[in-house]
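Both counts, for ligands and for their atoms, begin at 1 and track the order of listing.
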Amino acid sequence: MRLSRYFLPLLKETPASAEIASHRFMLRAGMVKQHSAGIYSWLPLGHKVLTKIADIVREEQNRAGAIEMLMPTIQPAELWKESGRYDDYGKEMLRITDRSGRELLYGPTNEEVLTDVFRSFVRSYKDLPQLLYHIQWKFRDEVRPRFGVMRGREFLMKDTYSFDIDMEAAVRSYNKMFVAYLNTFARMGLQAVPMRADTGPIGGDLSHEFIILAETGESEVFCHADLLGMDVPGPDVNFDGDLQPLVDARTALYAATEEMHDADAFAQVPEDKRVSARGIEIGHIFCFGDKYSKPMGAKVMGPDGREHVVQMGSYGIGVSRLVGGIIEASHDENGIIWPLAVTPFGAGILNLRAGDEDTDKVCEDLYARLGAAGIDPLYDDKADRGGVKFSRMDLIGLPFQIVVGPRGLKEGIVEVKTRKTGERQNLSPDEAVNFIIAQYKGILT
Ligand code: P5A
């Protein structure tokens, strides 16, 4: 993409409403535009990152055996009356009436809708287990939408639902998602710690929140230090094998959110290993058995010839929240530092003298070659001063910058800056292309 043709409305001033770094940088870098409390447009740069995050989530769900579908945002109130949640959900639910007086709602989550799908089609234990998911917008009329996309009212969630013949099998599905989540977040460069969590309006008593530590996090959390920086199972894990040992290895050490915190148990953790910190909840998984399937009549015929109410779980990832979460985990005073896997563009090319025959030629060549290699470069071909270009590129946080100026070109060199470390290397244009391609080995698919 050529910057001169892109839609990148950067802000010079930091909006006063933005309290945390990710919100400030997302506004300044032209990633989102707020229309109303907690309701945003995703501008091209923000949309690119959102899509990349959703793609990683999707790949890891598919790898774990979950199957993608799409459910509506608008749901009939009757389904929620059947499950018994219509009144319980309270003011957080946006209730809508259509022209014929039918009660509808903008879905805050989809347990009821998918249970309705399931009961309409599945009759036999032979069709179990089922793991189905979608990536869809949700609406929750939060009391306090804040921190930009971190606590929005309209937000993008990946939600998976599992259906099993009994509780033992339901825990196997739960474990699949547990392991898939470890891999998903690690691919985004995040250290997510699963913590025992409260289940709130979703229900059940087996539940973990996936938390990344950040000073600006909304939850207070407590965990054993050894859980930080643990290796993840990785893409070779066999999702049809026994995942319990992998889950046990992660749950043996103390980790709990504020609601589930047990001060006595935490006191057993050696003092130098006790971490009490703030965290951002980027995912939440639940096993709630028959909470929805029983009142809604989701049953299958079992191998014993009798009807069994299916045992369910649901598994959420805050896809739009992750955009903010990743920035909280990876930025400096100058701007965002994108992890390679989710960066909106693979590298920036800065032409320090746009219009000059030599710099133009080298930049065009770099642009074509990086593009052909799948790096998706952003070429700053604008006529601005160098200082403007440098700070703009630092703000939007692309992992690598190739700076092309007339002085360097006289010696046949360009400067490659690595955003994260600030390291600068003088390389020939050829070497610069090869260096950047090498950095993306194993990340570009
Ligand atoms: C699990 C999937 C559920 O809704 N039902 C379907 C279950 N869980 S949850 O914990 O309530 O939400 C799942 C994840 O969604 C993100 N999230 C939000 N993101 C942005 N703004 C919000 N207001 C918001 N609320 C929830 C979180 O990442 C949460 O873990």
Asker: Any idea which protein heavy atom is nearest atom 27 (C) of ligand 1, and the distance to it?
Answerer: Arg321 NH1, 3.6 Å
Asker: Specify side chain, backbone, both or neither for Asn110, according to which of its non-hydrogen atoms lie closer than 4.0 Å to ligand 1.
Answerer: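 None of Asn110 does.
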Asker: Ser314: heavy atom below 4.0 Å from ligand 1, yes or no?
Answerer: yes
Asker: For atom 23 (N) of ligand 1, which of Glu154, Glu142, Glu281 has the closest heavy atom?
Answerer: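 Of the listed residues, Glu142 has the closest heavy atom.
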Asker: If you count the atoms of ligand 1 from 1 in the order shown, which ones are under 4.0 Å from a heavy atom of Thr109?
Answerer: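 Listed by number with element: 4 (O), 5 (N), 6 (C).
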Asker: At less than 4.0 angstrom from any non-hydrogen atom of Val149, what atoms of ligand 1 do you find?
Answerer: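 The list of qualifying atoms is 20 (C).
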Asker: To check your reading of the model: name the closest protein heavy atom to atom 17 (N) of ligand 1, its residue, and the distance in Å.
Answerer: Phe155 CE1, 3.5 Å
Asker: Is it true that the side chains of Glu220 and Ser276 contain a donor and an acceptor less than 3.5 Å apart?
Answerer: no
Asker: In the protein, what heavy atom is nearest to atom 3 (C) of ligand 1, and what distance, to one decimal place, separates them?
Answerer: Ile202 CD1, 3.6 Å
Asker: At less than 4.0 angstrom from any non-hydrogen atom of Asp159, what atoms of ligand 1 do you find?
Answerer: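 Checking each atom against Asp159, I get 2 (C), 6 (C).
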Asker: Just by distance, no angles: are the side chains of Tyr125 and Asp304 close enough, under 3.5 Å, to form a donor-acceptor pair?
Answerer: no
Asker: Name the option, out of Arg144, Glu111, Met157, that contains the heavy atom nearest to atom 12 (O) of ligand 1.
Answerer: Met157
Asker: Return yes when Phe210 approaches ligand 1 closer than 4.0 angstrom through a heavy atom, no otherwise.
Answerer: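 It does not; every heavy atom stays at 4.0 Å or beyond.
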Asker: For Ser83 and Trp80, indicate whether the former's side chain and the latter's backbone hold a donor-acceptor pair under 3.5 Å.
Answerer: yes
Asker: Is it the case that more than 12 heavy atoms not belonging to Lys48 sit under 6.0 Å from its NZ atom?
Answerer: yes
Asker: Using a plain distance cutoff, I'd like to know if Arg140 has any nitrogen or oxygen under 3.5 Å from a nitrogen or oxygen of ligand 1.
Answerer: yes
Asker: Just by distance, do the side chain of Tyr440 and the backbone of Gly346 share a donor-acceptor pair under 3.5 Å?
Answerer: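 Checking the backbone N and O of Gly346 against the side chain of Tyr440, a donor-acceptor pair under 3.5 Å is found.
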Asker: Hey, does Ile285 sit under 4.0 Å from ligand 1 if you only count heavy atoms?
Answerer: no
Asker: Over 60° means perpendicular and under 30° means parallel, so tell me whether Phe118 and Phe163 are parallel, tilted or perpendicular.
Answerer: parallel
Asker: Just go through Lys158, Met150, Arg153, Glu92 and tell me whose heavy atom is the nearest to atom 20 (C) of ligand 1.
Answerer: Met150
Asker: Quick one: which ligand 1 atoms are inside 4.0 Å of a heavy atom on Tyr315?
Answerer: 1 (C), 2 (C)
Asker: Over 60° means perpendicular and under 30° means parallel, so classify the ring planes of Tyr292 and Phe288, tilted if in between.
Answerer: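 The arrangement is perpendicular - the two ring planes meet at more than 60°.
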Asker: Does Lys382 offer a backbone N or O that forms a donor-acceptor pair with the side chain of Ser4 under 3.5 Å?
Answerer: no
Asker: For atom 8 (N) of ligand 1, grab the closest protein heavy atom and report residue, atom and distance to one decimal in Å.
Answerer: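 Looking at atom 8 (N) of ligand 1, the protein heavy atom closest to it is Phe286 CE1, 3.3 Å.
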Asker: Using a 6.0 Å cut-off, check whether atom CG of Asn238 has over 12 heavy atoms from anything other than its own residue.
Answerer: yes
Asker: So which heavy atom in the protein is nearest atom 14 (C) of ligand 1, and how far is it from that ligand atom?
Answerer: Gly318 N, 4.0 Å
Asker: Looking only at protein heavy atoms, identify the closest one to atom 21 (N) of ligand 1 and say how far it is in Å.
Answerer: Gly152 N, 3.1 Å
Asker: Backbone N or O of Leu10 within a donor-acceptor pair of the Lys12 side chain at under 3.5 Å?
Answerer: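 It does not hold such a pair.
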Asker: Using a 3.5 Å distance criterion without hydrogens, assess whether the side chain of His261 forms a donor-acceptor pair with backbone atoms of Thr257.
Answerer: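 Flag not set: sc His261 to bb Thr257 has no pair under 3.5 Å.
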